[in-house]
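Right, one structure below, let's go through it.
So that the names make sense, note that chain A is the first sequence line, chain B the second, and so on, each numbered from 1. The model shown is predicted, which means the values in this text are computed figures rather than measured ones.
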Amino acid sequence: MYNLITDIDELQQYVDAIGDGFCALDFETTSLRPQDGRVRLVSLFDGTRGAVVDFDAIRGGFKACAGMFIRGEWIVFNSGFELRWFIAAGCPKTRCRDVGFLRRAILGGGRYSLKQVVAWDLDREMDKTEQTSNWAAPELTQSQLDYAFKDAVDTWNLFQHWYDRSDELHLQAWELLDGMVPAVIEMEDTGMLVDIPRHRQLAKHWASISESKVKLIRETVPVTAVQNINSDTQWSDFFAREMPDNILSKWPRTEKTGTLSMTGSTLSKIGSHFFGHFGENPITTLVDALRDYKKMSKYLSSFGDTLADKAQMHDDNRVRCRFNIGAAKTCRFSSTGPNLQQIPRDLDLLGERTSVRSSFIAPPGKKLVSLDYSGIELRVLALLSKDEQLLHDVVHGDVHAEVASVIAGHPIDKSTPEGKAARTAAKAVSFGIIYGSGAGGLSVTMRTSSTKAQKYIDFWAERFSNAFEYRNIMLEQAAKTRYIRCVDGGTIYMGKNPDLPKCANYPVQRAALSVMARAISRHKQTLDAQRQARQQQQTLILSTIHDALIDEAAASDAQECLRLMQEDMTAGYLDMFPGAPTERLVEGGIGINWGNLGD
DNA sequence: AACGAGCGCGCG
DNA sequence: AAAGCGCGCGCTCGTT
C-alpha cells in the first residue's frame, strides 16, 4: 500500500512524480509547534502511490527536504498546522490546500475534526489511538506507520469526495479560504500585548462594584431566600414567590424551561415599572442591583483577571487566540481561547466610562493601526441586489438618516433627540431587512407595534425594492436547489426547508466575509513584500474582528501602514465587486492602544 | 468527576 | 409553519 522512504533520492523521485498535481499530505510531529519539535513522518498519497517518509533517517531531517515540496498542491486537513512547519523550514510558499476549506466552499462553514468529516462524508470510523503516541521514538512501530499513512488516505478520499462535487466557482471560493491561512498564522503567533497592571486594576474596580451590589442585594434577600446569588433558577423561584400575579403574568419566560427570564433588560423593565408606581422602593432597588451585579459578574468572569492570566502565561505578556477560518455557517471567522472577537467596546458601564480595549496596547515605540469597513453589510446587499438607490444612500452619506428622513417625510436633524431616535429606528429597520426580519420580530426590537413596524418595512421595501426583493430571490434559489450561491463562487447548503431569515442574511454576511478575506490575504502579501524591501519591518497583523483589521507598526511606520491597509481593504472589496464605488468604504486610525484609535 | 443542555451576554 | 443573522464562553443544574 505504501513505501517506507528513508532515502532522499527516493523522496525526490516520489515528489517528481507528483509534479504540480494534487497529493494528500499528513505530518506526524514530535510537538505541536515548530519551535519545540520536529517533523518525524510525512505521509503521502495521490490515489495510486503511497509513501511514508521517516525524516529521522534522512540527513538534515525535514528542514533539508522541505524545498522539494514547492511544486505540488498538497491536500491537508487543517492546513495552518502543516504550513507552520513549512514556514519554519523556510518554505512559506508551499501550497497547502485545506480539504476542510473545499468542503466549506461547497456546504458552508462549520467547525469539525478530520475524524468527524470522515465519519459524515465517507461513513468510516477513524481510529486515532496512535495520534498521541511517541513520534520521537528511535524505532516506530508498524502500527504507528500504518496509522500515519491511513490519515493521508482518508485525507485523499475526502478530497476526492468533494472535488468530484465541485465546479470552477467552488474552486475559487476554496482559494479564497486557503488564502487567509498565512495571515492567520501571523495573527495567532503574534498575539496582542496586554497592559497587565492596568487590566488587573480594572478588574479590581469591577470586583469592588460587584461587592457593593452584593451587599445591597443581601440587605433585602438573605441567603436563606436565595442561596446562590448567581443562580437565575433560584432568582426565578424567589420572584415567583414574592411578586404579585399581575407582574408574574407579564414577566417573560425562558424558552425551554419556562422559568422567569433574568435578562438585564427584563430586570430594568421590572424596576422602572415599580418605580413608576411607587417611586423609590425596595423592589426597584433590588432588581436594579441584581441587574448591575449580573453585569459586573459577566465582565469579571469573561473579561477580568482571566484575560490578564492568559497574557501572563506568555513571557511577552501577549494574549493569543485561535482564529478559526470558516467556522461560521457563512464562513466568517470565529475566535477561541480566548475569544478576542468579543472584547467589549468602550461604553458607559453603570454610569462610568469603561474601556476594556484600552488594556490592549502597542509595545513601546509602536502604534496600533486599525481600519474597519463601514456599513459593509448594507453596502454589499446593495451591490449583490444591484439596488442603485441603496448604493447611493450608503455611499453618499448616512443611510440610516436617509431612511429616517424618507419615513418622516422631511430631513431629520441628528442633533435633536427626536432626530436621533428616528435614525436609530431606521437603523433597526435596515438591520431587520438584512436579518430577514418580519414585522413581528422588528416590532420587538423597535419596541413598537407590529403595524407600525410593517409601515417601516413597507417604506424600506418601496425605496429599496431590489434589495428587498433579493431576499425572496435567495429564498427561491434555496428552495429550488437547496443551495445559495455566494459572490465568491462558494455555495451554502440550506437544507430541505430553507427559511427567509437565513436566506436573506447568509449571502450578505458571506459577501462581507469574502471582501475581508481578500483584504486579509492581500495585506499579508503586502506586508511580506514590504519586509522583503526592508520597509515596515516591525509591522505585524494582529487581529480581525469580522469587518475590522488591526496591525501594530513602528510609530514611524504607522502612517504608511494605515495607507497600505486602506489600499488592501479597498482592493479586497474591488476583488469581489469590480468597479464598485469606494467612497466612505473604510474608517479607523492609529493609536497607542485599542481603545484609542481615533487617530 | 465529567458532560451537556439551557440561559444569558460579549462581539460583528 | 415560522420568520431578525452569525459566533464563543461562563455559569448552573441535572444526568451519567
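Base contact: A:F431 has a heavy atom under 4.0 Å from a base atom. Using a 4.0 Å heavy-atom cutoff across all strands shown, A:G264 reaches sugar-phosphate atoms only and no base atom. A:I433 comes within 4.0 angstrom of no nucleic acid atom, judged by non-hydrogen atoms across all strands. Within the 4.0 angstrom heavy-atom criterion, no nucleotide atom of any strand lies near A:D499. Counting non-hydrogen atoms under 4.0 angstrom, A:G432 reaches a base of the nucleic acid. No engagement by A:R322 is indicated, since no non-hydrogen atom pair under 4.0 Å with the nucleic acid exists. Using a 4.0 Å heavy-atom criterion, one finds that A:A512 contacts no nucleic acid atom at all. Among the atoms of the strands shown, only primed sugar atoms or phosphate atoms (P, OP1, OP2) are found under 4.0 Å from some heavy atom of A:I545.
Extent of DNA chain B lying under 4.0 Å from chain A heavy atoms, first and last nucleotide in 5' to 3' order, is B:dG6 to B:dG12.
Side-chain atoms of A:T233 and A:S236 form no donor-acceptor pair, as typed in the model, at a separation below 3.5 Å. Defined by atom type and a distance below 3.5 Å, a donor-acceptor pair is present between the side-chain atoms of A:R198 and A:S359. Remark: the A:Q341 side chain and the A:S335 side chain contain no N/O donor-acceptor pair separated by less than 3.5 Å. In this structure, a donor-acceptor pair under 3.5 Å is present between the side chains of A:R200 and A:Q312.
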Quick tally for nucleotides 9-16 of chain C: nucleotides whose base has a protein heavy atom under 4.0 Å get B, sugar-phosphate-only ones S, the rest -, giving SSSSS---
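Relative to the ring axis of A:F77, A:R103 does not place its NZ or CZ within 45° and under 6.0 Å from the centre.
Rounded to whole angstrom, the span from the CG atom of A:N497 across to the P atom of C:dA3 amounts to 14 Å. The distance from atom CG of A:L307 to atom P of C:dG8 is 17 Å, rounded to the nearest whole Å.
Using cut-offs of 30° and 60° for the angle between ring planes, the A:F239 and A:W251 rings count as tilted. Ring geometry for A:F238 against A:W235 counts as perpendicular: the plane angle is over 60°, on a 0 to 90° scale with 30° as the lower cut. Ring geometry for A:Y573 versus A:F577: interplanar angle of 30 to 60°, hence tilted.
With respect to A:D189 and A:R320, no salt bridge is recorded, no charged nitrogen being found less than 4.0 Å from a carboxylate O.
Between A:F468 and A:F464, the gap from one ring centroid to the other reaches at least 6.0 Å. Aromatic rings of A:Y299 and A:W206 (six-membered ring for Trp) have centroids within the 6.0 Å cut-off, being under it.
Using C1' as the reference atom, B:dC7 and C:dA3 are 22 Å apart when rounded to the nearest Å.
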Dot-bracket notation for DNA chain C is requested: 5' to 3', Watson-Crick or G-U wobble pairs only, both distances under 3.5 Å, with ( ), [ ], | and . as defined. ....||||||||||||
